[in-house]
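Below you'll find the structure, written out as structure tokens, and then a few comments.
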Amino acid sequence: MASAIPTAMERPHFIGIGGAGMSGIAKILAQRGAQVAGSDAKESATAEALRALGATVHIGHAAEHLADDATCVVVSSAIRADNPELARAAELSVPVVHRSDALASLMGGLRAIAVAGTHGKTTTTSMLAVALTELGLDPSYAIGGDLEGPGTNARHGEGDIFVAEADESDRSFQKYDPEVAIVLNVELDHHANYASMDEIYDSFETFVGKVRPGGTLVIAADQPGAVELTKRVRDLSSLNVVTYGESETADVRVHKVTPRGLTSEVTVLLNGKFLTFTVSVPGRHYAHNAVAALAGGVALGIPAHNLASALGKYTGVKRRLQLKGEAKGVQVIDSYAHHPTEMTADLEAMRGAASDARLLVVFQPHLFSRTQELGKEMGEALALADLSVVLDIYPAREDPVPGVTSALIIDAAKAAGATVTAVHDKSTVPDVVAGMAAPGDLVLTMGAGDVTDLGPAILARLSN
């Protein structure tokens with residue numbers, strides 16, 4: 001078992017403590033007994049949840065927020081070098097620890113299972129956390145989104161398993177040495193940090209190379225990038241490779257996925273036997289995530305039939321096809337999808353769930369760099385919807401790029417046959433959607449930015 005608190009993290013200070021990854025680490029440290037403090041740009045439910053665990057959370061960034069007796073400052077790749085708390089840490093000679101190093105230290109001494117890949121990490125990690133908890137194994141976990149069931153993104157458990165979402169965006173997943181690594185797919189994304197697919201493959205090879213001797217790589221058998229990575233790492237000594245997917249050669253083969261409204265029934269062939277279980281989210285993409293979770297749990301030695309039953313208890317993650325409500329016969333659902341592959345998967349899932357109903361999408365592009373590289377593909381994905389509203393780009397950590405706007409997506413969508421409306425004032429979206437929607441329609445708010453805030457407003461406008 002791991003020590004209660006890693007060395008030098010007894011009094012950590014988190015810059016950006018409200019972020020999905022940062023808050024999870026802070027929660028676990030607080031639950032282990034550390035005196036956690038930190039700052040964030042604005043108030044949030046996450047800040048309140050941290051305070052409830054005993055953490056001190058400041059709003060805004062200022063040098064005086066860093067206590068003189070802090071033992072370390074934890075940062076993510078999003079924290080800029082001119083942050084005043086970072087400058088104060090340098091003045092006090094307080095060690096600065098990257099988020100990934102802090103998470104790696106929390107896994108020390110535990111049986112870690114790390115989930116990587118461009119799309120589906122949060123869902124797959126969450127499925128494992130829920131299933132292992134349901135089986136009484138009391139895992140620790142750190143996830144990039146809040147579970148619908150336990151209602152949190154992280155927890156310190158007393159068991160010997162740690163389930164972690166492993167972020168490849170900034171290469172930080174290379175810091176972990178898991179017993180089981182899951183790779184869902186390998187695609188060119190995160191253009192600010194990777195210039196080519198060769199760099200992506202090199203990064204994933206390093207991650208896989210860190211799997212503990214005798215450990216297991218669970219990897220997709222259908223996705224081209226994952227297939228290529230499998231070829232590159234097959235000869236690593238002491239690495240067990242387990243593939244999953246619809247391919248006839250997959251070790252865990254997806255035999256059938258049957259839609260059941262907003263759920264799916266999945267049948268897999270594992271060790272020569274068929275196994276059927278229910279996934280409480282729609283679509284083939286999420287069914288494959290569940291099979292990856294099943295294979296990862298089996299690699300830890302957990303009986304497949306027990307895991308299959310426990311996976312049925314998973315009820316979703318906030319922002320991953322999350323039903324926000326219904327008004328006047330219109331259902332409003334929220335999606336975190338922001339990459340064309342994710343967008344297509346969620347739109348196809350909702351198309352399957354909608355049956356003959358119309359699908360209306362409110363899409364907010366995320367990052368100028370991503371839009372510049374993938375705007376055409378984003379627009380083509382929107383052609384799967386009946387009607388689309390496209391907002392201005394959500395910049396997050398990036399500065400504007402000249403000539404890069406939502407028009408790149410809108411033009412591509414129209415060229416692909418989509419019906420698209422550009423909306424530059426986000427506050428007008430509820431009125432726009434209310435003018436489009438009819439009873440029986442599905443409305444999908446989609447993107448990684450603050451488009452998620454529109455769901456309740458749309459529902460309120462529809463009600464009126």
Side-chain angles (χ1 to χ4, degrees), residues 1-10 12 21 23-34 36 53 99-116 121-144 147 149-150 152-167 172-183 207-218 238-242 252 290 292-311 313-314:
M1 295 295 291
S3 58
I5 304 173
T7 303
M9 297 193 72
E10 293 88 355
S23 63
I25 298 167
K27 287 174 182 176
I28 293 173
L29 280 167
Q31 290 165 358
R32 289 188 181 184
V36 175
L53 291 172
R99 174 185 60 82
S100 57
D101 292 303
L103 180 55
S105 70
L106 293 179
M107 296 185 204
L110 298 173
R111 303 183 68 197
I113 180 165
V115 183
K121 289 189 295 292
T122 297
T123 299
T124 306
T125 310
S126 301
M127 287 175 168
L128 270 166
V130 168
L132 296 175
T133 301
E134 178 68 20
L135 293 174
L137 297 174
D138 198 15
S140 297
Y141 55 81
I143 306 170
L147 291 170
T152 182
N153 59 334
R155 180 177 179 274
H156 168 64
E158 297 298 330
D160 65 351
I161 298 174
F162 196 116
V163 186
E165 183 171 335
D167 185 11
S172 60
F173 68 158
Q174 298 176 7
K175 303 288 183 66
Y176 314 138
D177 56 347
E179 180 175 331
V180 176
I182 297 177
V183 174
F207 168 63
V208 173
K210 295 290 293 293
V211 173
R212 297 170 190 172
T216 302
L217 168 66
V218 174
S238 74
L239 177 69
N240 302 305
V241 178
V242 175
V252 183
L294 177 73
V298 169
L300 285 175
I302 301 164
H305 64 279
N306 291 351
L307 266 170
S309 176
L311 283 167
K313 302 298 183 182
Y314 169 80

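In this chain, residues are counted from 1 in sequence order.
- Shortest non-hydrogen contact noted between Met107 and Ala112 is SD-CB, 3.8 Å.
- Shown here for Tyr176 and Ser100, the closest heavy-atom pair between the two residues is CE2-O, 3.3 Å.
- With values rounded to the nearest 0.5 angstrom, Leu128 atom CG is found 7.5 Å from Leu307 atom CG.
- In this structure a side-chain-to-backbone donor-acceptor pair under 3.5 Å is present from Gln31 to His156.
- Taking CZ from Arg111 and CG from Leu137, the interatomic distance works out to 9.5 Å, rounded to the nearest 0.5 Å.
- The CZ atom of Arg32 lies 9.5 Å from the CE atom of Met9; values are rounded to the nearest 0.5 Å.
- Between the side chain of Lys210 and the backbone N or O of Gln174, at least one donor-acceptor pair lies under 3.5 Å.
- Between atom CD1 of residue Ile25 and atom CG of residue Leu103 there is a gap of 5.0 Å, rounded to the nearest 0.5 Å.
- Scanning both residues, Ala129 and Ile143, for their nearest heavy atoms gives CB-CD1, 4.1 Å.
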Item to complete: Could you give me the CA-CA distance, side-chain angles and deciding distance for Glu165 and Val115, then say whether side-chain contact (heavy atoms from CB on, under 4.5 Å) is met?
Response: CA-CA 5 Å; Glu165 183 171 335; Val115 183; 5.6 Å; no
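- Taking 4.5 Å as the limit, every side-chain heavy atom of Val242 sits out of range of all side-chain heavy atoms of Leu217.
- In this structure, the separation between CG on Leu132 and CG on Asp138 is 10.5 Å, given to the nearest 0.5 Å.
- Contact annotation: the side chain of Val211 never approaches that of Thr216 to less than 4.5 Å [non-hydrogen atoms, C-beta and beyond].
- Between Ser140 atom OG and Ile161 atom CD1 the span is 10.0 Å, to the nearest 0.5 Å.
- Of the possible polar contacts, none joining the Asn306 side chain to the Leu135 backbone as a donor-acceptor pair under 3.5 Å is found.
- Side-chain contact between Ile113 and Phe162 is absent, with no heavy atoms from C-beta onward closer than 4.5 Å.
- Nearest heavy-atom pair, Leu294 versus Ala308, reported as atom, atom and distance to 0.1 Å: CD1-N, 3.9 Å.
- Just one residue in the list Thr124, Thr123, Thr122 forms a side chain to side chain contact (heavy atoms under 4.5 Å, CB included) with Ser126, and that residue is Thr122.
- Side-chain atoms of Ser172 come within 3.5 Å of backbone atoms of Asp167 as a donor-acceptor pair (strictly under, hydrogens ignored).
- Summarising the geometry of Ala142 relative to Ala154, their closest heavy-atom pair is CA-CB, 4.2 Å, with the distance given to 0.1 Å.
- Among all heavy-atom pairs drawn from Phe207 and Phe173, the shortest one is CD1-O, 3.2 Å.
- Between the side chain of Arg155 and the backbone N or O of Ile28, no donor-acceptor pair lies under 3.5 Å.
- Residue Tyr141 is tested with Thr152, Val130, Asn153 for a side chain to side chain contact (heavy atoms under 4.5 Å, CB included); the sole match is Thr152.
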